[in-house]
Amino acid sequence: MRTVNVLAASKTYDVLIGKDAVTSLGTEVKRLCPKAMKVLVVSETNVAPLYLDKITSQLESIGLEVISYVFEAGEQNKNINEIAGMWNKMAEAGFTRTDIVAGLGGGVTTDMAGFAASTFLRGIDVIQIPTSLLAMVDASVGGKTGIDIPMGKNQVGAFWQPALVLEDTSFLKTLPDGVFTEGMGEVTKHAFIMDLALFDKLEKANGNIRDDEDLLEEIVYMNVSDKASVVSADETDNGRRQTLNFGHTVGHVIERDSGFTKPHGVCVAMGMGIIMDACVRAGTLDKNDAEKMKNLLKLYKLPVTDNITPEAIVNGALNDKKKRGDTLSVILVNKIGEAEIKKMTKEEFLEFLTV
Ligand SMILES: NC(=O)c1ccc[n+]([C@@H]2O[C@H](COP(=O)([O-])OP(=O)(O)OC[C@H]3O[C@@H](n4cnc5c(N)ncnc54)[C@H](O)[C@@H]3O)[C@@H](O)[C@H]2O)c1
Ligand SMILES: [Zn+2]
């Protein structure tokens with residue numbers, strides 16, 4: 001098993017990664033939350049039948065009373081009604097400030113479990129047990145929690161760091177292929193913006209990382225280290241953490257324009273490809289490097305462009321919550337493994353994207 005230590009300003013915690021990490025859950029929770037008597041395990045209808053029993057028996061083995069909250073799987077349920085359901089269940093069971101929440105599932109689940117924990121009794125501990133690739137390498141690390149509202153995704157939430165993140169990479173075996181591919185959007189993003197060694201490893205693996213347990217564990221570990229180092233440097237998203245938005249300014253627009261029918265990770269890949277092309281045209285990125293990066297996306301079954309127009313991108317991006325004032329922070333990669341934050345006006349961004 002491998003450990004990544006996250007040093008966020010508000011809390012320091014470990015991410016444990018391994019193909020049998022689940023066997024450590026009981027002892028770790030006992031050590032970190034010695035006063036806990038009750039735990040609400042939040043999960044959903046796809047994941048609970050596969051792993052809830054395993055998690056429950058680990059938690060019961062240290063004397064915890066386990067209460068589960070299982071919601072219907074899917075982003076459409078990442079809403080306040082489910083959060084209220086979690087609050088009520090904890091209140092009915094007499095949870096106190098030393099009791100805990102555990103999130104068992106993909107990013108939808110970990111975002112909601114974290115938000116419920118951040119608000120119940122003004123904040124109780126949360127243990128994250130991510131089960132999708134995206135949740136392991138991205139959503140469960142860094143303390144962003146939240147829900148969607150009709151006006152937009154992730155519009156309500158809180159920064160709430162977990163007490164522990166436990167990533168059992170053997171859980172990835174049951175992940176549908178398409179969902180795994182989506183997670184690769186964020187994995188390749190980490191390689192492009194900050195991790196040349198990861199880039200090389202992914203290239204060498206030639207698109208085959210799912211079936212090699214040791215390699216998969218190592219790749220998850222490298223990604224968690226990347227995300228942790230950015231989060232540790234910038235907990236609340238004002239500086240370096242913004243580089244994690246590479247491909248997202250454009251990707252979010254494509255995602256929204258599709259009515260959320262195109263998956264997030266796929267849209268991010270398209271967004272990264274579009275920005276790479278623009279960097280090549282601007283003369284800041286070497287054409288061969290752009291080709292190498294796009295080939296890596298293709299190797300992992302991701303697209304590298306979309307037919308969205310520059311005007312649609314710019315108009316959509318200006319409605320995005322991540323803009324600040326009249327300028328946009330656009331993340332560029334001008335060298336494999338290094339990102340740059342560039343402020344652009346609407347006009348500059350349009351010109352940059354226009355062939
Ligand atoms: N907090 C953050 O920093 C952050 C970062 C990125 C994404 N997110 C959020 O994460 C969410 C997307 O995460 P996601 O892609 O994991 O979505 P998800 O939670 O919907 O999971 C994707 C699908 O995989 C299934 N699944 C998950 N683990 C499985 C397993 N081991 N075996 C079988 N099926 C499994 C789920 O049931 C679901 O159908 C979005 O809501 C997004 O906003 C948050
Ligand atoms: Zn993303």
Side-chain angles (χ1 to χ4, degrees), residues 6 8 22 42-52 54-55 70-79 82 103-115 118 126 128-149 152-162 165 167-190 193 210 216 223-224 227-228 230-231 235-237 241 243-252 254-255 260 263-272 302 321-322 331:
V6 184
V22 70
V42 174
S43 193
E44 37 92 318
T45 45
N46 293 337
V47 173
L50 297 168
Y51 305 113
L52 185 58
K54 262 193 185 135
I55 299 304
V70 178
F71 62 95
E72 189 76 41
E75 181 78 32
Q76 71 278 11
N77 296 315
K78 195 172 135 180
N79 61 42
E82 298 297 342
L104 171 70
V108 168
T109 306
T110 55
D111 272 12
M112 282 212 285
F115 185 55
S118 77
V126 63
Q128 297 291 22
I129 310 164
T131 61
S132 73
L133 181 60
L134 183 139
M136 287 188 189
V137 302
D138 192 356
S140 70
V141 181
K144 280 193 189 178
T145 74
I147 52 167
D148 305 332
I149 56 174
K153 275 182 70 175
N154 297 322
Q155 294 285 298
V156 176
F159 281 98
W160 192 248
Q161 302 293 341
V165 184
E167 309 198 343
D168 193 316
T169 47
S170 71
F171 288 7
L172 294 173
K173 281 187 191 148
T174 53
L175 201 62
D177 282 342
V179 182
F180 188 89
T181 298
E182 246 202 271
M184 287 307 295
E186 309 289 352
V187 169
T188 49
K189 178 194 76 181
H190 287 149
I193 62 168
R210 268 202 93 159
L216 188 57
N223 277 276
V224 171
K227 175 122 195 217
V230 174
V231 169
E235 185 175 2
T236 53
D237 217 357
R241 192 164 178 165
T243 61
L244 295 169
N245 286 334
F246 181 49
H248 282 63
T249 307
V250 178
H252 279 150
I254 300 173
E255 202 180 346
F260 295 96
H264 174 75
V266 169
C267 296
V268 169
M270 292 168 172
M272 293 193 290
L302 287 160
K321 71 180 157 93
K322 285 189 173 124
I331 312 305

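As the structure is a prediction and not an experimental result, all values here were calculated from the model. We count ligands from 1, going down the list as the structure has it; atoms in each ligand are counted the same way.
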Per-atom contacts of ligand 1 with [X], taking only distances under 4.0 Å to non-hydrogen atoms:
X    : value
Y51  : 31 (N)
K227 : 3 (O)
G106 : 16 (O), 19 (O)
E75  : 40 (C), 41 (O)

* Output, by chain and residue number, all protein N/O/S atoms separated from the Zn ion (ligand 2) by less than 2.8 Å. =>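 Listed by chain and number: E186 OE2, H248 NE2, H264 NE2.
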* **atom 28 (N) of ligand 1 - nearest protein heavy atom and its distance** =>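 That would be T131 OG1, 2.7 Å.
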* What is the nearest protein non-hydrogen atom to atom 7 (C) of ligand 1, stated with its residue, atom name and distance? ->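 The answer is L134 CD2, 3.5 Å.
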* **Nearest-0.5 Å distance that lies between atom OG in S170 and atom OH in Y51** =>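 OH of Y51 is found 6.5 Å from OG of S170.
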* Asked: How long is the span from the CG atom in D111 to the NZ atom in K78, to the nearest 0.5 Å?
  ->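 Between atom CG of D111 and atom NZ of K78 there are 4.0 Å.
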For ligand 1, is any non-hydrogen atom under 4.0 Å from [X]'s backbone (N, CA, C, O), its side chain (CB onward), both, or neither?
X    : value
N154 : side chain
D111 : side chain
V179 : side chain
L50  : side chain
S140 : neither

Can you find an N or O of [X] that's nearer than 3.5 Å to an N or O of ligand 1?
X    : value
T174 : yes
F171 : yes
T145 : no
E44  : yes
V47  : no

* Determine, using heavy atoms of G114 and all atoms of ligand 1, whether some pair is separated by less than 4.0 Å. =>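 No, G114 has no heavy atom closer than 4.0 Å to ligand 1.
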* **Heavy atom of M112, distance to ligand 1 below 4.0 Å** =>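 Outside the 4.0 Å threshold, so no.
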* To do: Output all residues satisfying side-chain contact (heavy atoms from CB on, under 4.5 Å) with E72, sequence neighbours left out; order by chain, then residue number.
  =>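 Partners of E72 by the side-chain contact (heavy atoms from CB on, under 4.5 Å) criterion, ordered by chain and then number, come out as T45, N77.
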* E186 with K227: basic N within carboxylate O range, under 4.0 Å ->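 Looking at K227 together with E186, the answer is no, because their closest N to O distance does not fall below 4.0 Å.
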